[in-house]
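Take a look at the structure set out below.
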Amino acid sequence: MRAAGRVVHQTLAACRRHVCPGVTTAQLDQIALETFTALGAVGLFKNYPTYEPGKGFSGNTCISVNDEVVHGIPGSRLLRAGDAVSIDCGIRLDGWCGDSALTMIVGEGTPDIVRLVRIAEETLELAIRLIRPGIRWSDVARKMQEYVESRGLSCVREFVGHGIGRRMHEEPKVPNFVSSEFLNRDDFYLEPGMTLAVEPMVILGGPEVVVLDDGWTVVTRDHTAAAHVEHTLAVTSDGCEVLTDGR
Ligand code: MG
Ligand code: MG
């Protein structure tokens, strides 16, 4: 999974280098496809969830701009200066999966957008610092939620992180907030060897999201901007090792 994680990191790094005003999200998607294919990996988003040719998700990555939270479909949209663009990439290499997302600003963003992206990144960093064996996931998720909400931003509640391994989406559910449902039914203790995709989704305005008529793109109901960042990581004997950060 380290090797798979490195491919995801290199793919997102290649996309990052090409983000600029005037590039289309389809062009970034093509760069991602070429990068991970050259590294011997297979994409996990194209034709998701059944992987039948021509069915399911049409992109090789998810690219979500501004009020799009996750699952944006790459296409003819031109990026403009000030946009917040999230790129999410999942691949399989030699039977093992990696999944990571970044959000970056095209050129210079408004102070609100800069702060949104910074807080989303800090929320993921907070989780990475907290993760160690013997604590419950809800202890981490509560701190992530508090970090976001105490700064006047919102956590998306409809989508959560996940276990990852041979398949991209495995048990357990890894939310970035706590709910009575999670505490009563799905909470778990962190153990060495667990591999998780942790992916905070943060909104500048309210937490409500809707899915567009394309069946995929998740947007904020109030059309304020959102940021999504994700790493695949492994719980170790005394903390965690991030597998998709290029180290
Ligand atoms: Mg992802
Ligand atoms: Mg994921």
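Quick caveat: nothing in here was measured; it's all calculated off a predicted structure. Atoms within a ligand are numbered from 1 in the order they appear, just like the ligands themselves.
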* **L12, T103, D29 screened by side-chain contact (heavy atoms from CB on, under 4.5 Å) with I87, the one that passes** => L12
* **Qualifying residues under side chain to side chain donor-acceptor pair (under 3.5 Å), relative to T236, sequence neighbours excluded** =>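 For T236, the residues satisfying side chain to side chain donor-acceptor pair (under 3.5 Å) (neighbours in sequence not counted) are D238.
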* Asked: Among the protein atoms near the Mg ion (ligand 2), how many are N, O or S and lie under 2.8 Å away?
  -> 4
* Does the ring centre of H71 sit less than 6.0 Å away from the ring centre of F159? ->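 For F159 and H71, the ring centres are under 6.0 Å apart.
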* To do: Give me the ring orientation class for W137 and F188: parallel if the planes are under 30° apart, tilted from 30 to 60°, perpendicular past 60°.
  => parallel
* To do: Please determine if R151 forms a cation-pi arrangement with Y147, meaning its NZ or CZ atom is less than 6.0 Å from the six-membered ring centre and no more than 45° off the ring axis.
  => yes
* To do: Run the numbers on I131 and L190 for side chain to side chain contact (heavy atoms under 4.5 Å, CB included), then give the verdict.
  => CA-CA 8 Å; I131 290 170; L190 291 165; 4.0 Å; yes
